[in-house]
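Here's the structure we're looking at; comments come further down.
All figures in this text were calculated on a predicted structure; none of them were measured in a lab. Chain naming here is simple, since letters A, B, ... match the order of the sequence lines and numbering starts at 1 in each. All heavy atoms count here, side chains included; hydrogens, waters and symmetry mates do not.
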Amino acid sequence: MDFSFTVEQHDFAAAVAELLRTHCTPEHVRATKSGFDRDRWKRLADIGMASVCVPEPHGGLGGDDLDLLLAVEECGSAALPEPVVESTTAATALGAAMESGARDGGHADHAVLLARAAEGDALLTVSAPTDPYVAAADHAAALLLEREGAWYVVDRDRAALTPQPSVDAPRTLFTVEWDSDGGTLIARGEAARAMSAAVLNRGALLSGAYLLGAARRLIEMSVSYAKDRIQFGRPIGSFQAVKHHLADAFVAVEFARPQVWRAGYSLTSGAATADRDVSAAKASASAAAERAAAVALQVHGAIGYTHESDLHLWLTKVWALSRAWGNAEWHRGRVASSLIDQRLTARLP
Amino acid sequence: MDFSFTVEQHDFAAAVAELLRTHCTPEHVRATKSGFDRDRWKRLADIGMASVCVPEPHGGLGGDDLDLLLAVEECGSAALPEPVVESTTAATALGAAMESGARDGGHADHAVLLARAAEGDALLTVSAPTDPYVAAADHAAALLLEREGAWYVVDRDRAALTPQPSVDAPRTLFTVEWDSDGGTLIARGEAARAMSAAVLNRGALLSGAYLLGAARRLIEMSVSYAKDRIQFGRPIGSFQAVKHHLADAFVAVEFARPQVWRAGYSLTSGAATADRDVSAAKASASAAAERAAAVALQVHGAIGYTHESDLHLWLTKVWALSRAWGNAEWHRGRVASSLIDQRLTARLP
Amino acid sequence: MDLSFTPSEREFRAEVRAWLAANVPPEPLPSFDTAEGFRRHQDWEALLADAGWSVITWPTEYGGRDASLMEWLVFEEEYYRAGAPARVSQNGIFLLAPSLLEFGTEEQKRRFLPPMGRGEEIWAQGWSEPEAGSDLANIRSRAERVTGGWRLTGQKIWSSRAAFGHWLFGIFRTDPDSRRHRGLTYFLVPLDAPGVTVRGIPQLDGLPGFAEVFFDDVFVPDDQVLGEVGRGWYVAMSTTGSERGLTLRSPGRFLATADRLAALVSDLGDGAAPTLRDRAAQAWIDADAYRLYTFHTESRMRAGAQIGAESSANKIFWSELDRALHRIALDLLGTRGTLTAQAPDAAEYGRWLDGFLFALAGPIYGGTNEIQRNIIAERVLGLPKEA
Amino acid sequence: MDLSFTPSEREFRAEVRAWLAANVPPEPLPSFDTAEGFRRHQDWEALLADAGWSVITWPTEYGGRDASLMEWLVFEEEYYRAGAPARVSQNGIFLLAPSLLEFGTEEQKRRFLPPMGRGEEIWAQGWSEPEAGSDLANIRSRAERVTGGWRLTGQKIWSSRAAFGHWLFGIFRTDPDSRRHRGLTYFLVPLDAPGVTVRGIPQLDGLPGFAEVFFDDVFVPDDQVLGEVGRGWYVAMSTTGSERGLTLRSPGRFLATADRLAALVSDLGDGAAPTLRDRAAQAWIDADAYRLYTFHTESRMRAGAQIGAESSANKIFWSELDRALHRIALDLLGTRGTLTAQAPDAAEYGRWLDGFLFALAGPIYGGTNEIQRNIIAERVLGLPKEA
């Protein structure tokens, strides 16, 4: 049993964090009103962020979810506006479809698309099976969409997008209409069902990892504010109520993190408990992040409500991502069903 | 709109409180190992506690639930061991059955029984429709029991009692077996259904009132302890965490109380919302009392766990009565069903 | 105990309901934190005032109808039930007016109350300062004695309505050697006075729901001092323990939200997870409990009781209730719950998100819930102050 | 990351499981807070020790098998899964033994460890005093230097196992002028020494789960001092930050309870309210999370990390988890959940009530959760100490 990441995985996350410290400061995040900065995305892709889970024959690194978790947590800590969850999930799904399709020759256009996505030159996105909206569809070259039990790759230009603005403005959401002849079939039947399950699990896993980073940062900002802010003649961080709120949020995040990592391992190793493990992780990460957001607002007081404070950059991410890819209620329901209806109480490890 | 009790109602509660200050100290409660002290019960009956809701023709005062609520809260505040909830509920139900039966002549034995109960010379008890056990059956002269949609009065001597000891030892519980020829029918059909509803609502209401008193006392004891107990060089009551726990418990009790009173009014006035109002009250009172119990234990620390401290006299009452007559979950379910399935959102007042 | 409304209260309710049904705009007004929305809300206040519904508890001579507290509670229930516009005049009519009625001179009442009631003059509040957030007594803005009045210097922050409003009420330090609650005086200041600068503070939605107000040698004549010089804290706080504790957030608001939540759960049918159904029932019970607690307090006040820590208990209860109501709705709606009101798919659901964001502030403003818990623990339960 | 057990760990688990299946008494033993139950639990300890399962992490020379921390975690999972008896030797093997192994002389280890591991000598803990509950440093019991040893005077309270046990470990003030954490010394005291009086304190169930221990000029020879004179606090606390934080409550206990809870919900079928089903799922998730957090900590320790505030986070998490698990079970069982184990109807359900009562103490002992939150806030998050 070894609950640690490899040196390479740590190094990759450190490189992502370093890049974001320079190119994804709060000022940068504020400036990214559209939700997508091609230059920053290209830089991230240059160090491998877009290609980790793309198969090697298609220009990727052939890695797995475990190679990504720490780096995605760093993205959450920086409130990275780019849709790292959706693009990675889409690229992984397309790569897997290509791999299985390779036996039948694959699809040349998709190979090009995937290679460009791995390079950071084309963005992919995907519809979450739990949600009616597609994130970042406006920035994407192509969308992976499900219709009547089959999956398609749809050119963005062949799809009609209706914006559905949400609390997290840079995370653009859309309802998408498209003609069937505008899409290319990549999976149907059993393969499509497997793709739906894989997409849902991966999106939930990665949004969970992102939420851990955002929650960690919210706690850091609140601790720092509570040390400096003087009320009633003393720093508010010396009051027990403030301490205990922050300690509880910290504990929630610390206990959610190993669950997210275990879920990554379950997915990667194809464990029988993968669905349940992913749902436990997303439920815990969503709840921990919501708790951190509520405590951060309470500690900051009115200033946390302003556009001037940076706090809202993380708050809005938490409110959006804790509900995207299935909220805590939905995932807890999936755990209950596995645990109680199917009496699957076996554990991994 | 007048949310106040009459002078008589206040005076009655004050008289009960005064009597209990003398005859129901913690030492008395400890000494009442059997759960029933005939002398104390007789004294309470002498000032009207057993006869408030008994019709006047049967030796009672012909009052209603509102005449009882404040007095029952005082019983909870004193951790009165005698089964005031069950005996009052039983006497009221038998009185009502006699009243409607009076038109057909009634039953002479029951008139004697009721008059003796009103005097405090005979104890009545009743099976709660929510619970499989009958409280205080060993001390009762007769039991009101439901079987196959009909209600009976059963002589205690004609029933076989199996003790089912619970966390609140003096609140003796029993499973009861009896032959049908050992009981006298008092209601069937529609009348029996009405009696079941009335019994359930009255038991839930009165146990809610009792819980308010117990919760109030638990908070008082904890406040007093927190003022005196020194840790880390200061009274523990000066720590914010202790203050906030106690403040939250206090708020929960204060907001539960008007709900209990409103439920009493709904029952008394035969409101269409009575079932829902009683359930809201019992759910809130149970939750508030459980909260007060948890906080009291946390404030007292290890001493709260000992037999030497008086705290357990109230803790065990709360644990038992918050679950008897339907726990918070059960009652919240009844509210949800009324509110959501039947869309009954009208309010009283 | 008689929990029925009197015939006159029932008539009153019917009258309010009928008027609102006929007059509440069918479409929600734009936010009053925009220039246009502000004006449209002022128009609504004028319409309310013309019909005599604007400030019903005030004496008739200033535009009210001498309504009882119970009538006001009934009015509020109907107002929120009808989905009527938010009150742009809220700071003035709920926070300033009680103080003005108690401490103002007859001239001040005649000068300020009627235009406040008609929504012609909108008041901003000036309590907080950058170094005095929850700790209001730490006020540093000061007023110096000059001939015929005072010169104000300093800065106020978190002034709601200041961005588009006309007047500000607030306390300033008139005794430079004083500390904490002493030596403060209550001033009424026009926001267009020379030396006043208002800077809007954009909130999460980008609109200036708050403002900073800077005072640079602003002259205020003596007749714009409310109450005694040096007793500003007393003037500001004396009403918080009385009706204000009851009227800051009337139950009507939460009852309407709770009913909408119950309807949302009913409408979703099997689409509502059973746990959310249960949480919604609990929140509805709590809204109902808040109403009962308020009626109970009203009965006690009518019997002559003074309101004390009830306002702290109220504050904790309604702010947590409001947050719960909206959080449950968002949990019911999933991703759809995160859409803003502008999203085509939001339909009528967009109000839940706005309400959620607003509700999150509840435990913070008007004295944080931590402070309210201290008040209950120390003043009601009698626990010792912190070391 | 490789979350699989090694072949040797799997073999180890199989071996433990097989032995427990063959040896765990089919009926629960009487409580070890009764004379008979105490003896029966000692017999069980002897059986465990004979098979080498009593103190697996100890060096073989003292009766252990040099097991790794991971093997111990596996052992604990199997132990609770099998429903094996509570460890009457717990104070000794979990709290004293780590200190003895680190600070004891070779003679002390040889004298005390083997009979402790075989359950022949049962140890009571002597930390708390009437005036030193959560504030352990406020210790007043003192030890005076005399020829060849010390004379102990004072009182300890909340000594679990003291009512029937043989020895007590605890700290006493050896420097009468010292304050707080300084000038304390760690002593090992036989409970049958002249001058020692033990008075059982009945708990809610009437059994003496705790005792008060009075010391009236009790002579303790020098070789029963553990570690340096005057460094008793250091000796007592040094192990709390290392493995003890991890081993005070191993995940196995909560995993077994969570599985029983899931089975209870499954068995009740439609009789389980949907909300309780949901709460049970959350509690099961949390038990699983506690296990993962522990494995994660074990990996970090193997990589050389020091354990710090993890033990505070652990304490908060498991104590709240334990309370939740049992509360949900009682909510599922309704009135039946309030029956004691003696009630005919309680059947296998009676254990939930006992567990509930025990779990309620979790947030209190071993440092209240309030203290643990302070530790996290100050030592991990770096927030300032209270004024």
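- Interatomic distance, CG of Leu383(D) versus CD of Gln240(A), reported as 12.0 Å (0.5 Å rounding).
- Looking at Asn369(D), there are no atoms closer than 4.5 Å to chain A (heavy atoms on both sides), in backbone or side chain.
- Only the side chain of Arg291(D) comes within contact range of chain A, with heavy atoms under 4.5 Å apart.
- No side-chain heavy atom of Asp2(D) sits less than 4.5 Å from a side-chain heavy atom of Met1(A).
- At a 4.5 Å heavy-atom cutoff, the contact between Val251(A) and chain D is made by side-chain atoms alone.
- Only the side chain of Glu9(D) comes within contact range of chain A, judged by heavy atoms closer than 4.5 Å.
- Residues Ser4(D) and Leu348(A) form no side-chain contact, since every pair of their non-hydrogen atoms from C-beta on lies 4.5 Å or further apart.
- Proximity to chain D (any heavy atom under 4.5 Å) is restricted, for Leu66(A), to the side chain, taken from C-beta onward.
- Of the listed residues (Asn374(D), Thr6(D), Leu3(D), Leu255(D)), the greatest number of heavy-atom pairs within a distance under 4.5 Å of chain A belongs to Leu3(D).
- Within the 4.5 angstrom heavy-atom criterion, only side-chain atoms of Arg276(A), from C-beta onward, approach chain D.
- Summarising the geometry, atom CG belonging to Leu246(A) is positioned 11.0 Å from atom CD1 belonging to Ile376(D); distances are rounded to the nearest 0.5 Å.
- Chain D forms the most heavy-atom pairs under 4.5 Å with one residue out of Thr268(A), Ile219(A), Val335(A), Val242(A), and that residue is Val335(A).
- Within 6.0 Å of the CZ atom in Arg13(D), the count of heavy atoms belonging to other residues, nucleotides or ligands exceeds 12.
- In this structure, the separation between CG on Asp278(D) and CZ on Arg332(A) is 4.5 Å, given to the nearest 0.5 Å.
- Remark: Arg379(D) CZ is loosely packed, at most 12 non-hydrogen atoms of other residues, nucleotides or ligands lying under 6.0 Å away.
- Of all non-hydrogen atoms in Ala377(D) and Ala247(A), the two that sit nearest each other are N-CB, 4.5 Å.
- Only the side chain of Glu378(D) comes within less than 4.5 Å of a heavy atom in chain A; its backbone stays farther off.
- A donor-acceptor contact shorter than 3.5 Å links the side chain of Ser266(D) to the backbone of Ile340(A).
- At a 4.5 Å heavy-atom cutoff, the contact between Ser337(A) and chain D is made by backbone and side-chain atoms alike.
- For the atom pair OH (Tyr293(D)) and CD (Gln259(A)), the distance works out to 12.5 Å, reported to the nearest 0.5 Å.
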Test side-chain contact (heavy atoms from CB on, under 4.5 Å) applied to Thr6(A) and Met1(D), step by step: CA-CA 7 Å; Thr6(A) 63; Met1(D) 187 166 299; over 6 Å; no
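- The two atoms that bring Asp288(D) and Arg262(A) nearest to each other are OD2-NH2, 2.7 Å, heavy atoms only.
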Determine whether Arg347(A) and Trp284(D) satisfy the following criterion, side-chain contact (heavy atoms from CB on, under 4.5 Å), listing intermediate values before the conclusion. CA-CA 11 Å; Arg347(A) 293 184 175 84; Trp284(D) 194 92; 3.4 Å; yes
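- Ring pair Phe295(D)/Phe3(A): centre-to-centre distance not below 6.0 Å.
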Hey, mind stepping through Arg373(D) and Lys243(A) against side-chain contact (heavy atoms from CB on, under 4.5 Å) and telling me if it holds? CA-CA 7 Å; Arg373(D) 289 190 177 94; Lys243(A) 283 183 186 175; over 6 Å; no
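- Looking only at heavy-atom pairs under 4.5 Å with chain D, the residue among Ala226(A), Pro258(A), Ser269(A) that has the most is Pro258(A).
- In this structure, the portions of Thr345(A) lying under 4.5 Å from any heavy atom of chain D include both its backbone and its side chain.
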Would His244(A) and Ile316(D) count as a side-chain contact (heavy atoms from CB on, under 4.5 Å) if you check the C-alpha gap in whole Å, the side-chain angles of each, and the deciding distance to 0.1 Å? CA-CA 11 Å; His244(A) 291 191; Ile316(D) 294 170; over 6 Å; no
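- The aromatic rings of Phe317(D) and Phe255(A) lie parallel to each other, their planes meeting at an angle below 30°, with 60° marking the opposite boundary.
- When the candidates Glu220(A), Arg343(A), Gln9(A), Glu329(A) are compared by the number of heavy-atom contacts under 4.5 Å with chain D, Arg343(A) comes out ahead.
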